[in-house]
Amino acid sequence: MSNEAIAQQFLELADLTEFVGDSPFKARAYRQAAQLLESLQTPIESLAERGREALAALPGVGDAIADKILAYLQTGAIPKREQLLQTVPAGVLEVMAVPGIGAKTARLLYEQLGVHDLASLRDALMSGAVDRLPHFSPRKRERLLRLVELKHKSQRRTPLGLALPRGRELLQAIQSLDGVQQAMLCGSARRMQEDVGDLDYLVASDTPQAATQAFVNLPAVAEVYAQGATRAQVFLKSGLQVDLKVAPSERWGAGMLYLTGSRAHSIRLRQRALERGLKLNEYGVWRGAECLAADTEEAVYAALGLPWIPPPLREDTGELEAAEQGRLPRLVERQDIRGDLQSHSHWSDGLDTLETMAQAADALGYEYLAITDHAHQFADREAFEQRRRAIEQLNQRRGGRPYLLNAIEVNILPDGSLHAPDWMLRAAQFVLAGVHEAHGQPAPQMTARLIRALEHPAVDALAHPTGRRYGKRPPNDADWARIFECARALGKAIEINGYPTRMDPPTPLARVLVESGAWVCLGTDAHAARDLGAMELAVGLAQRGWATPERILNTRPLDALMHWLAQRRENP
DNA sequence: GCCGTTTTCGGCCCGACTGTTTTCAGTCG
């Protein structure tokens, strides 16, 4: 039972609470609890073992929600949610997920027309039955019908690795629109969240009306959901939602802050403003009618008595307290990274030659690149020896710019042993071990398996620890705190993998990893030269885990990295 | 449902846009 699963239950409980017309503040409390559970760094079970008081001590969790969590852990369900589902069809949850349909409208549709899921909603819209409802018109019916179809298309959130290129492409288009002076991608993409639900743009313009009009006229736009004087919301043909907000340049910082979120972070900031007799909105920080700060984010934070907080930390998971106490981390940045510690060449399943990989790594300014071809894909000792010579020759020819490491990625078998001969494990300069089969073992087995692999003297680091693949495979279950502690004690590294469909370990766990004090290595898992650019995703994930450069292996210069590896080999 | 050196009761972030009910509720981010 994952924290995500129970968070989802609370979100549904919130929707159901609104649907039946109970206090909207209850619904908000449930949503806050869901957000808290998602961001929690420890499994809720282990917290619950310390009793009801430990749960009720969490911010936003009181006796009632603590009881609901306990009941969920015992029975697999929240009784209140089950009780509401006795009277409310579960399908109304998907009806409420259609843009523009909230609790009141969903309830009206249900009571008057028996709309109980997406299919019956579509029927009611197509037949025109909705026209006799109050507040409905043929125009609204057509609009809703289009939104239902779009909603159908874009059920899933978009992985950051796909959203960022699309977002940047669209940013260019927005920047070149008439009347747009400046534009910026904000929202969850700026916070480097692993998946994004929409793209948010802030635009500076002296002619906001013209700018929003030009925006909704972009060829990629399929449906204009809202368009006003200072903002517009559209859906692209792909189903992706895009929000645009226009701000005068003197209010740019307040606009950025507002549009970047997260929602929870913004709410905390506004509460903080109120506590100081101030008001925070998207136009600035105000004392009465006097604007204290608005032009930069730094100024807005400063007016609230805080240093600037990096976007990846803005999740209300302790960053405000850290900022207040002057202990915000100096986050690792892309420029700190001197090499990539996972990549594949055509010697295993990569597409490109060593030469091409080296050139691409050089273009990124790297000092080194670990070529971690899959160990089991070498036919024999001679094949491995051939690659070693090829790497050596290339290093000589290129003068070590970048220096290629003769490395391997070795499969961790179900029992924790390694799928590679001893001579290869000894010969490789860097050994990355990862799970590629028998996913989904029970947690105790997976924990033992990974610890056994880490304890193997030849292993330097654990690759993509949870094995999750977007839309394909959930993270493996294991006692991660114990595994990370084991890596720390052994002086070994755990990878933060930036391959777009991996992004592993996921955010809350990335922070557990960083806090464990174990060494961390960043890798793109590139299977082609063009994939090496995913390092920004690995860095973003590390930032969301509050990582500083100190314990990240590949912030080290080559000689320090080689020293680290040599020491490990001398004292296995 | 949660929370508190202004409170254990009475509050709970703030504003834009839509549609249509001529003054505002619903929805969203």
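What's counted below: heavy atoms across the whole structure, side chains too, no hydrogens, waters or symmetry copies. Letters A, B, ... are given to chains in the order of the sequence lines, protein chains preceding strands, and every chain is numbered from 1.
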Phosphate contact ([N] OP1 or OP2) by [X] side-chain N/O below 4.0 Å:
X: A/Lys279; N: B/dG15; answer: yes
X: A/Ser266; N: B/dG29; answer: no
X: A/Lys104; N: B/dG26; answer: yes
X: A/Lys68; N: B/dG1; answer: yes
X: A/Arg28; N: B/dC2; answer: no
X: A/Thr230; N: B/dC17; answer: yes
X: A/Lys80; N: B/dG1; answer: yes
X: A/Tyr258; N: B/dC14; answer: no
X: A/Arg31; N: B/dG1; answer: no
X: A/Gln271; N: B/dC3; answer: no

Selected nucleotide, minimal atom distance to [X] side chain, candidates [options]:
X: A/Tyr30; options: B/dA16, B/dG1, B/dG26; value: B/dG1
X: A/Leu274; options: B/dC14, B/dG15, B/dG1; value: B/dC14
X: A/Arg263; options: B/dG26, B/dC17, B/dG29; value: B/dG29
X: A/Gln227; options: B/dG29, B/dT18, B/dG15; value: B/dT18
X: A/Lys140; options: B/dA16, B/dG1, B/dT20; value: B/dT20
X: A/Gln233; options: B/dT27, B/dA16, B/dC28; value: B/dC28
X: A/Asp200; options: B/dT27, B/dG29, B/dC13; value: B/dG29
X: A/Ala29; options: B/dG19, B/dG26, B/dC2; value: B/dC2

Base of B/dT7 relative to its sugar, syn (within 90° of 0) or anti?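 Base orientation relative to the sugar is syn.
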State whether the aromatic ring of A/Phe25 stacks on the base of B/dC2, taking stacking to mean ring centres under 5.5 Å apart and ring planes under 30° to each other.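 No, aromatic ring not over the base.
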For [N] versus [M], give the span between their [atom1] atoms, rounded off to a whole number of Å.
N: B/dC17; M: B/dT23; atom1: C1'; answer: 16 Å
N: B/dC3; M: B/dG15; atom1: P; answer: 25 Å
N: B/dC2; M: B/dC13; atom1: P; answer: 16 Å
N: B/dA16; M: B/dT20; atom1: P; answer: 22 Å
N: B/dG11; M: B/dT6; atom1: C1'; answer: 13 Å
N: B/dG1; M: B/dT18; atom1: P; answer: 36 Å

Tell me whether A/Arg141 contacts the main-chain N or O of A/Val130 through its side chain, where contact means a donor paired with an acceptor under 3.5 Å.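 No, because the side chain of A/Arg141 does not come within donor-acceptor range (under 3.5 Å) of the backbone of A/Val130.
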Look at the rings of A/Phe235 and A/Tyr225 and say which category their plane angle falls in: under 30° parallel, 30 to 60° tilted, over 60° perpendicular.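 Ring orientation of A/Phe235 relative to A/Tyr225: perpendicular.
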For residues A/Leu304 and A/Arg272, report the shortest heavy-atom separation together with the two atoms involved.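 In this case the closest contact between A/Leu304 and A/Arg272 is O-NE, 2.7 Å.
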Strictly by modelled atom types, are A/Asp117 and A/Ser120 linked by a side-chain donor-acceptor pair under 3.5 Å?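 Yes, a side-chain donor-acceptor pair sits under 3.5 Å.
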Separation of [X] atom [atom1] from [N] atom [atom2], in whole Å?
X: A/Asp22; N: B/dC2; atom1: CG; atom2: P; value: 13 Å
X: A/Tyr225; N: B/dA16; atom1: OH; atom2: C1'; value: 12 Å
X: A/Phe136; N: B/dA25; atom1: CZ; atom2: P; value: 18 Å

Nucleotide paired to B/dA25 in any strand shown, Watson-Crick or G-U, under 3.5 Å: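 Pairing partner: B/dT18.
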